[in-house]
2 protein chains.
Amino acid sequence: MNIKKIMTPPVRREDVPAALASLGIAVTAQRIEIGAILLESMQHLSAEQVQARLEADGASASKATVYNTLGLFAKKGLVRELVIDGARVFYDSNPSDHFHFYNVDDGTLFDFPSSPVTLTNLPTPPEGTKLDKVDVIVRVTTK
Amino acid sequence: MNIKKIMTPPVRREDVPAALASLGIAVTAQRIEIGAILLESMQHLSAEQVQARLEADGASASKATVYNTLGLFAKKGLVRELVIDGARVFYDSNPSDHFHFYNVDDGTLFDFPSSPVTLTNLPTPPEGTKLDKVDVIVRVTTK
DNA sequence: GTGGCAGTCTAGACAGAGTCTAAATTGACG
DNA sequence: CGTCAATTTAGACTCTGTCTAGACTGCCAC
Ligand SMILES: [Mn+2]
Ligand SMILES: [Mn+2]
Ligand SMILES: [Zn+2]
Ligand SMILES: [Zn+2]
């Protein structure tokens with residue numbers, strides 16, 4: 001057996017280097033800091049929020065590094081990029097397939113409760129293409 | 001009977017003023033031009049593409065007017081705002097409820113064929129909120 | 001007809017997210 | 001240690017979209 005156990009938030013800070021390495025991400029001080037922030041719990045953070053938390057933790061990284069690191073994490077599958085509203089991208093540290101509620105009035109973003117939502121009769125992708133991922137965003141307004 | 005027939009693309013240019021008026025949109029020269037472009041067929045256009053078509057048609061409108069008009073059309077339900085990739089917003093003149101394929105490699109955007117896709121077991125919106133709309137985007141890559 | 005006026009349009013300044021570049025730093029390895 | 005490829009950095013830059021303040025339009029009252 002050689003099935004790698006994927007680490008799921010919460011991941012303790014001391015385990016972050018292993019979580020990165022297991023995905024082929026070279027371990028650096030900045031990547032550990034950013035990874036520790038994201039993997040502390042399942043959450044949705046923008047680049048700006050990540051950088052703010054770095055500061056709050058007494059760490060720091062340049063804007064370019066924050067963006068490069070989040071992009072790398074997304075490419076390696078550690079986090080998932082969520083395009084919700086055109087103003088900023090969110091990075092989601094919940095690794096499971098799941099869908100989102102977005103409150104357009106106050107900007108809050110929730111995971112669907114883990115009910116057995118299903119998409120049926122999904123058409124096959126157009127000729128010459130293959131499925132990458134399915135995003136479902138349910139937009140709600142404050143009543 | 002008083003059920004207003006909603007005009008569906010293709011809408012002839014001469015019918016655009018009525019299409020706007022029926023939604024409570026005050027008719028102006030710029031709104032007719034932009035409406036004529038969008039309603040010519042069911043399509044997905046960015047603000048930049050709309051402005052380029054205006055120029056191509058020998059018409060024009062300031063950037064502020066293009067954005068204001070598209071925002072107004074979306075608010076009134078003439079078009080639907082699609083947030084696909086964080087780089088730009090698309091405006092969709094297909095008024096029916098429908099889902100999208102997006103090719104992340106070449107940026108092309110298609111409507112799902114009108115197959116009976118269904119989302120089942122959709123959880124109810126969080127307390128204090130009500131459903132606005134459901135966006136389903138299937139991202140594909142070129143094989 | 002003319003004047004008034006609200007609504008609309010406009011140029012261009014501004015804002016904010018994200019990218020790029022070129023130089024400095026890091027740290028693994030011989 | 002010294003080398004060197006990978007990484008990080010400051011800050012300029014790009015791009016989408018917003019805002020402001022003034023100009024324009026066209027409808028209506030008189
Ligand atoms: Mn934007
Ligand atoms: Mn952007
Ligand atoms: Zn999520
Ligand atoms: Zn569409």
Side-chain angles (χ1 to χ4, degrees), chain A residues 16-17 20-21 23-37 44-55 57-76 78-92 102 104 107 109, chain B residues 16-17 20-21 23-37 44-55 57-76 78-92 102 104 107 109:
Chain A
V16 170
L20 301 183
L23 292 170
I25 298 168
V27 176
T28 70
Q30 290 84 351
R31 289 171 186 175
I32 292 171
E33 288 299 331
I34 294 172
I37 288 165
H44 311 99
L45 296 177
S46 66
E48 186 193 27
Q49 290 173 322
V50 167
Q51 198 165 25
R53 290 212 190 179
L54 283 173
E55 306 288 341
D57 292 358
S60 83
S62 68
K63 183 165 59 155
T65 295
V66 172
Y67 279 99
N68 288 342
T69 299
L70 292 171
L72 176 68
F73 285 3
K75 193 178 71 174
K76 297 293 191 173
L78 182 66
V79 300
R80 178 174 176 139
E81 248 173 62
L82 299 180
V83 178
I84 299 288
D85 75 352
R88 81 208 73 77
V89 169
F90 287 99
Y91 293 87
D92 186 345
Y102 180 68
V104 298
L109 181 59
Chain B
V16 169
L20 301 183
L23 292 169
I25 299 169
V27 176
T28 70
Q30 290 83 351
R31 290 172 185 174
I32 292 171
E33 289 298 332
I34 294 172
I37 287 165
H44 311 99
L45 295 177
S46 66
E48 187 194 25
Q49 290 174 322
V50 167
Q51 199 166 24
R53 292 215 188 176
L54 283 173
E55 305 291 341
D57 292 358
S60 83
S62 69
K63 181 163 62 152
T65 295
V66 172
Y67 279 100
N68 287 343
T69 300
L70 291 171
L72 175 67
F73 284 3
K75 193 179 72 175
K76 296 293 191 173
L78 182 66
V79 300
R80 179 174 175 140
E81 249 174 61
L82 298 180
V83 177
I84 299 287
D85 76 353
R88 80 208 71 79
V89 170
F90 286 98
Y91 293 87
D92 187 344
Y102 180 68
V104 299
L109 181 58

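Not measured: the values here are computed from a predicted model. Just so we're on the same page: letters track the sequence lines, and every chain starts at 1.
The CG atom of A:Leu72 sits 17 Å away from the P atom of C:dG18 (whole-angstrom rounding). Atom pair B:Leu54:CG and C:dT10:C1' shows a separation of 14 Å (rounding to whole Å applied). With rounding to whole Å, B:Gln49 atom CD is found 15 Å from D:dC15 atom P. What separates CZ of A:Phe73 from C1' of D:dT7 is a distance of 13 Å, to the nearest Å. Rounding to whole angstrom units, CD of residue A:Glu81 and C1' of C:dT19 are separated by 14 Å. Counting to the nearest Å, the P atom of C:dC9 and the CG atom of B:Asn68 are 8 Å from each other. Atom-to-atom, CD of B:Gln51 to P of D:dT18 comes out at 14 Å; the value is rounded to the nearest Å. B:Leu70 places its CG atom 15 Å from the C1' atom of C:dC9, with the value rounded to the nearest Å.
Contact record, B:Val50 with B:Ile37: O-CD1, 4.1 Å, taken as the closest heavy-atom pair.
When the side-chain nitrogen and oxygen atoms of A:Tyr67 are compared with OP1 and OP2 of C:dT19, none of them lie within a distance under 4.0 Å. Between A:Gln30 and D:dT9 there is a side-chain N or O to OP1 or OP2 distance below 4.0 Å. OP1 and OP2 of C:dC9 both lie 4.0 Å or more from every side-chain N or O belonging to B:Ser62. The side chain of A:Arg88 places no N or O atom within less than 4.0 Å of a non-bridging phosphate oxygen (OP1 or OP2) of C:dG18.
For A:Thr69, the listed nucleotide lying nearest its side chain is D:dT8; candidates were C:dT10, D:dG17, D:dT8. The side chain of A:Ala47 lies closest to C:dG18 when the candidates are D:dT18, C:dC9, C:dG18. The side chain of B:Ala64 has D:dC19 as its nearest neighbour among D:dT8, C:dC9, D:dC19. The side chain of B:Lys63 has D:dG17 as its nearest neighbour among D:dG17, C:dT10, D:dT8.
Proximity of a side-chain donor or acceptor of A:Asp85 to a complementary backbone N or O of A:Ala87 within less than 3.5 Å is detected.
In this structure, B:Thr28 reaches the sugar-phosphate backbone alone: every heavy-atom distance under 4.0 Å involves primed, P, OP1 or OP2 atoms, never a base. Residue contacts shown for B:Ala29 are absent, as no nucleic acid heavy atom lies under 4.0 Å away.
Taking 4.5 Å as the limit, every side-chain heavy atom of B:Val89 sits out of range of all side-chain heavy atoms of B:Leu82.
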Review point. B:Phe90 and B:Leu45: side chain to side chain contact (heavy atoms under 4.5 Å, CB included), yes or no, with the steps?
Key: CA-CA 5 Å; B:Phe90 286 98; B:Leu45 295 177; 5.7 Å; no
Exercise for review: For B:Tyr91 and B:Glu81, run side chain to side chain contact (heavy atoms under 4.5 Å, CB included): C-alpha distance rounded to whole Å, both residues' side-chain angles, the deciding distance at 0.1 Å, then the answer.
Suggested key: CA-CA 5 Å; B:Tyr91 293 87; B:Glu81 249 174 61; 3.3 Å; yes
